[in-house]
Undergrad: 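Following this message is one structure expressed as structure tokens.
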Amino acid sequence: MPEAKFLRSEDGLSHEPMLDLEEATKLYLRVKGRGKTELHQRTTERAIGYALACLGNKPISDYQKSDAVSLREYLFKRKLAVSSVRRLMAVVRAVINFAILEKGYETKNAFNGVYISSADNQNKRETIPLAVVHQIQRACVQFPNFIFLKLSKKSKQKVPG
């Protein structure tokens, strides 16, 4: 690890290298990922993948607030919804926080406190008008496999004929 930063104790000696983002992710998944679903691992890998693509892999203490802001903007440029950006940023923040706590590093997490406005990229999905839903239901009657259309989780109603 040629670029590794080392922690310094009171005696000024280097003892343990600062984890980079990829190493911090491996630690996070190995320890916190135990017993979690495959979805947890994929979500973590996806979020960290975005961070690595945008910012590169470096020791976690080297990330600055400007890097976190750059990642936020990168995610919005990819046309992700505000909720997705929040979730992805939370995963990156969690991975770094975990590594800091687990290793006892005395560094700050640059991804803490990054502002994500709910007004940013307000891509709300439009609802399907009820008339269109009824039109689709009538069209489904023509196909024997679509006689019933589930309208809610609790009840099934027969399609009007």
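Everything quoted here is computed from the prediction, not taken from an experiment. This chain uses plain numbering: 1 for the first residue, then up along the sequence.
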Undergrad: Given 3.5 Å as the limit, does a donor-acceptor pair link the side chain of Asp20 with the main chain of Asn57, or not?
TA: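 No; zero donor-acceptor contacts below 3.5 Å.
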
Undergrad: Would you say that more than 12 heavy atoms from the other residues, nucleotides or ligands in this model lie under 6.0 Å from the CG of Leu101, or not?
TA: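 Atom CG in Leu101 is crowded, with more than 12 foreign heavy atoms closer than 6.0 Å.
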
Undergrad: Taking the side chain from Glu73 and the backbone from Ser70, do they hold a donor-acceptor pair closer than 3.5 Å?
TA: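 A pair under 3.5 Å: no.
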
Undergrad: Taking all non-hydrogen atoms of both residues, which atom of Arg93 and which atom of Asn109 are closest, and how far apart?
TA: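 Shortest heavy-atom separation between Arg93 and Asn109 comes out as O-ND2, 3.0 Å.
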
Undergrad: About how many Å separate CD1 of Ile96 and CG of Asn112, when rounded to the nearest 0.5 Å?
TA: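 Answer for the CG-CD1 pair, Asn112 versus Ile96, is 8.5 Å.
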
Undergrad: To the nearest 0.5 angstrom, please state how far the OG1 atom of Thr25 sits from the CG atom of Leu52.
TA: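 Answer for the OG1-CG pair, Thr25 versus Leu52, is 6.5 Å.
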
Undergrad: With rounding to the nearest 0.5 Å, note down the distance linking CZ in Arg46 to CD in Gln41.
TA: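 Here the rounded value is 15.0 Å.
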
Undergrad: Quick check: closest heavy atoms across Ala68 and Val114, and the distance to 0.1 Å?
TA: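 So the two residues come closest at CB-CG2, 3.4 Å.
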
Undergrad: Is Tyr50 reachable from Val69 through a run of hydrophobic residues whose side-chain heavy atoms are each under 4.5 Å from the next?
TA: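 No, because Val69 and Tyr50 fall into different hydrophobic clusters, even though each may have its own neighbours under 4.5 Å.
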
Undergrad: Are Leu39 and Arg42 packed together at the side-chain level, in the sense that at least one heavy-atom pair is separated by less than 4.5 angstrom?
TA: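 Of all side-chain heavy-atom pairs linking Arg42 with Leu39, at least one is under 4.5 Å.
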
Undergrad: Work out which heavy atom in Gly56 is nearest to a heavy atom in Tyr63; give both atom names and the distance.
TA: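 Here Gly56 and Tyr63 meet closest at O-OH, 2.6 Å.
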
Undergrad: Once rounded to the nearest 0.5 Å, what's the spacing between atom OG1 of Thr107 and atom CD1 of Ile60?
TA: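 Going from OG1 on Thr107 over to CD1 on Ile60, the span is 7.0 Å.
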
Undergrad: State, yes or no, whether a side-chain contact exists between Val95 and Leu29 at a heavy-atom distance under 4.5 Å.
TA: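 A side-chain contact is absent here, since even the closest heavy-atom pair is not under 4.5 Å.
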
Undergrad: Any idea which heavy atoms bring Ala53 and Tyr74 closest together, and the distance?
TA: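 Taking every non-hydrogen atom into account, CB-OH, 3.7 Å.
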
Undergrad: How about Thr44 and Lys32: do any of their side-chain heavy atoms sit closer than 4.5 Å?
TA: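 Contact flag for Thr44/Lys32 side chains = no.
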
Undergrad: Side chains of Ser83 and Arg86: do they bring a donor and an acceptor to under 3.5 Å?
TA: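 Looking only at side-chain atoms, Arg86 and Ser83 do not form any donor-acceptor pair under 3.5 Å.
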
Undergrad: Can you tell me how far NZ of Lys58 sits from CE of Met18, rounded to the nearest 0.5 angstrom?
TA: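 Answer for the CE-NZ pair, Met18 versus Lys58, is 13.5 Å.
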
Undergrad: Looking at Arg72 and Tyr115, would you say the former's side chain and the latter's main chain have a donor-acceptor pair under 3.5 Å?
TA: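 Side chain of Arg72 to backbone of Tyr115: a pair is present.
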
Undergrad: Please name the pair of heavy atoms, one in Ala51 and one in Leu71, separated by the smallest distance, quoted to 0.1 Å.
TA: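 That would be CA-CD1, 3.8 Å.
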
Undergrad: Give the minimum heavy-atom separation between Leu27 and Ala99, together with the two atoms involved.
TA: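 So the two residues come closest at CD2-CA, 4.3 Å.
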
Undergrad: From Tyr28 OH over to Leu19 CG, what is the distance, rounded to the nearest 0.5 angstrom?
TA: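 Rounded to the nearest 0.5 Å, the OH-CG separation comes to 15.0 Å.
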
Undergrad: Are more than 12 heavy atoms, taken from residues, nucleotides or ligands other than Lys65, located less than 6.0 Å from that residue's NZ atom?
TA: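 Yes, NZ of Lys65 has more than 12 neighbouring heavy atoms, counting only those of other groups under 6.0 Å.
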
